[in-house]
J.: 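Before we start, here is the structure in question, set down as structure tokens.
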Amino acid sequence: MTLPPTPDPALAVTDLRAIIDSSADCIKVLDLNARLLSMNAGGMETMEITDFSVCHNLLWPSFWEGEARAQVELALDAARAGQTTTFEGPARTFAGTPKWWEVRVSPLRAPDGTVTRLLASSRDITARKRTEQQLLEAQHQLRNHAQALEVRVEQRERALEAFVHFTTQVASSTDLNDIATAASDIIRDAVGGAISGFYLVKGERAYPVMFSRNTPPEVIAARRAGIALTSPLVADALARRGTSFIGGEDGRLQSVGYASALSITAYHQGDQPYALFATGSQRTEWTAQEQAIIESVGRGLGLVLERTRQTQQLQERTAGLDSFVAFSEASSTTTDILVLARAAVDVLETTLRVVSVAYYALDGDLWKARVWSENFTPEVVAVLTASIPVDAPSYAEALQTRQAVFVPGWSADSEGVAQTEAFGAGAFYPCFVGESPHGLLAIGTQRAGDWTPRERAVFSAVGRSLTLALERAARTQELTVQRDALAARTEELMAANEELDAFTYSASHDLRTPIRHVMGFADLARAALVKNQPEKISHNLDIIQQGAMRMNGLIDGMLMLSRAGRQDFHPRMFPLEPLIVQAQQDAQLEFPEQVIDVRFQGSVIVWGDATLIQQVLTNLISNAVKYSTRREVSEVTVQVGETETEWTITVRDNGVGFDPRYGGKLFGIFQRLHTQDAFPGIGVGLATVRRIALKHGGRVFADGVVDRGATFGVALPKPVV
């Protein structure tokens, strides 16, 4: 829209001047010689000038210094030539405060186009410049920190490489000389030719076991007598239970005249010193990277020494116990029979190496393999999975004796198992659960001869473990079936008990009240009829009718609650929003005169019976509208929360609320906190909500404040995947 012209041009100039004066930018008019002719009031405040006369006719470039002044002169020359220039530069205010400015210099032209004056506008950008400077400083610090981290990472990488190299070399060795030699080789290559030695502690001294290949003979000769545990560097390492370093003159004094940079790594068995690993270099000091490598290799050597000790202990254990533990670990989290059998096969293959393993299940009068080793030939697999008679000699013996059967000389013909001629020995273990055979574990080897005691122990231990696991699986399945049946029966009994309690209560209280009204006013109507009092007759009949309607409503409510408990349950995933929309429409039909505002954001998908959840939402939203009818607008908010285990649906209103002390009663049948005259109803809706929630395995809750609204909700559990 175009505004009409201002009738008073002077007023327009005044307004323009006011606008310019209010600007925080310093707006100046200069003559062609760059002398100050005028400045706006906001600019004077920014430049800290209280009286413009003190700077009137001063040369504007005199406010600037150095490179910034040169920029000003260039901008002035450009403006005189008719061009506009923008730049940034530092300058002090008239009071001497240092600031940064964004400056724009433009020409002012006469009507004929000639440049008659210059316009300079300066904006205070000190805060921005300060932020930029802080950012640059932070970036500089970040770069320095990153460089330091790169150095540390490089040191750690070198140390890790040394650790990995060392542990790889000694992965399968338990010989102390070999282990120490590998450590010394790593130190020599990674730490610039450093020498090293490994010592075992005996009494108050540590005596050498090994020297690195580059150790000078004179050093070896000097150290044959050992190292005293009381020497300062050794004592410090023992106290640390780790690595100590020394250099310079102190290092030379504690060496044998070869090195200045020394290190000692101490090892313990329990509380007693066990061994020392010493390194030395002719340089005066260790670098940080060298220290990291020595510490890393030292830790690796300690781990290997500990592993060696543990290996010796492990060798003392029986093979049967090892196998039992291995199978127990592999099968502890499952009750699937085939998974258990696969675990047994894997343990036997890993422990006994050159064996083939199969697990059989009975199919009528035949054994059929269900799990087997991959090293069986396809021809053998075809035989094992097809049919082996239950009376095959070794198979039958295992069932009869219910013990492991070992066959040192396997004969395919006599055993009646085709395609197994290549095997030299076999063994079978029957797996019984109670009195019934559930499976058969078998192994075979192409090696001729009898099974060793270790192989017998391993096979028997795994067979016993598999039998125990099958028994546990069978019991678990039985318990699961019993638990599910008990849970279903419990739910049925709880529902029946609740219905019985509801009926007992209503029959003894809620239903009896309207019956008493009917009977009492029927007597009054009869008396009025005798006295020929038609008005009283009509009044009494009205009350009788109201009592009958009340009783009918209570009966309908009980039937509705009962149907909710008996209704078929068809859970599935479904969107909640259409149900909320339908519930709002139902509430509007129930309360046609009330303005209803139901708020719900987002599309949420939940699990349950959509038909039953529709009843829940309809009851909750209608309940919220009913108790907010005294408001001009019933404001109802539906929210859905979600956790890892459940969804929570809450309905909040702006109604009369309730005393939270009585919140626990609201979900009981026929329980109400308000009179029938205040808010009509029979107290079945929330009881129905609770019944449906329990049918889903969920729960209900409520919260409210008198005259400040109420919140009712239901929690629906997520299905177990």
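Sequential numbering from 1 along the given sequence is applied to the chain's residues.
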J.: Given 3.5 Å as the limit, does a donor-acceptor pair link the side chain of R456 with the main chain of A404, or not?
T.: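 Flag not set: sc R456 to bb A404 has no pair under 3.5 Å.
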J.: For T643, give me all partners under side chain to side chain contact (heavy atoms under 4.5 Å, CB included), at least two apart in sequence or on another chain.
T.: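 T643 satisfies side chain to side chain contact (heavy atoms under 4.5 Å, CB included) with T645, E646 once adjacent residues are dropped.
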J.: Given side chains that start at C-beta, do those of P437 and L362 come closer than 4.5 Å, heavy atoms only?
T.: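 A side-chain contact under 4.5 Å exists here.
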J.: Taking side chain to side chain contact (heavy atoms under 4.5 Å, CB included) as the criterion, tell me which of I613, L617, L620, L694 meets it with V689.
T.: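 Of I613, L617, L620, L694, side chain to side chain contact (heavy atoms under 4.5 Å, CB included) with V689 is met by L620 alone.
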J.: With a cut-off of 3.5 Å and sequence neighbours excluded, list every side-chain donor-acceptor pair involving residues 412-433.
T.:
unit_1, atom_1, unit_2, atom_2, d
S414, OG, S411, O, 3.3
S414, OG, S411, OG, 3.1
E415, OE1, S394, N, 3.2
E415, OE1, S394, OG, 2.9
E415, OE2, S394, OG, 2.7
T420, OG1, W410, NE1, 3.1
T420, OG1, V417, O, 2.7

J.: Of all residues at least two apart in sequence or in a different chain, which pass the side chain to side chain donor-acceptor pair (under 3.5 Å) check with D363?
T.: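 Applying side chain to side chain donor-acceptor pair (under 3.5 Å) to D363 gives K368.
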J.: For A266, give me all partners under side chain to side chain contact (heavy atoms under 4.5 Å, CB included), at least two apart in sequence or on another chain.
T.: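 Residues passing side chain to side chain contact (heavy atoms under 4.5 Å, CB included) with A266: A237, L238, H268, L276.
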J.: Going by atom types only, do T611 and Q615 share a side-chain donor-acceptor pair under 3.5 Å?
T.: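 No donor-acceptor contact under 3.5 Å links the two side chains.
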J.: Within the structure provided, determine whether F277 and S196 are in side-chain contact (heavy-atom separation under 4.5 Å).
T.: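 F277 vs S196: side chains touch.
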J.: Taking the side chain as C-beta and beyond, is there a heavy-atom pair between W367 and L399 under 4.5 Å?
T.: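 The answer is yes, as the side chains (C-beta and beyond) meet within the 4.5 Å cut-off.
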J.: Could you give the side-chain donor-acceptor pairs of residues 374-383 under 3.5 Å, partners two or more places apart or in another chain?
T.:
unit_1, atom_1, unit_2, atom_2, d
N375, OD1, S356, OG, 2.9
N375, ND2, V355, O, 3.2
N375, ND2, S356, OG, 3.4
T377, OG1, E379, OE1, 3.4
T377, OG1, V380, N, 3.3

J.: With sequence neighbours excluded, tell me which residues meet ring pair (Phe, Tyr, Trp, His ring centres under 6.0 Å) with Y360.
T.: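 Ring pair (Phe, Tyr, Trp, His ring centres under 6.0 Å) list for Y360, sorted by chain: Y395.
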J.: Less than 4.5 Å apart, side chain to side chain, heavy atoms only: is that true for W647 and W607?
T.: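 Yes, at least one pair of side-chain atoms sits under 4.5 Å.
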J.: Ignoring hydrogens and angles, tell me if any N or O in the side chain of E455 forms a donor-acceptor pair with the backbone of T452 under 3.5 Å.
T.: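 Such a contact is found between E455 side chain and T452 backbone.
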J.: Do NZ/NE/NH1/NH2 and the carboxylate oxygens of E397 and R402 come within less than 4.0 Å?
T.: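 No, this pair does not count.
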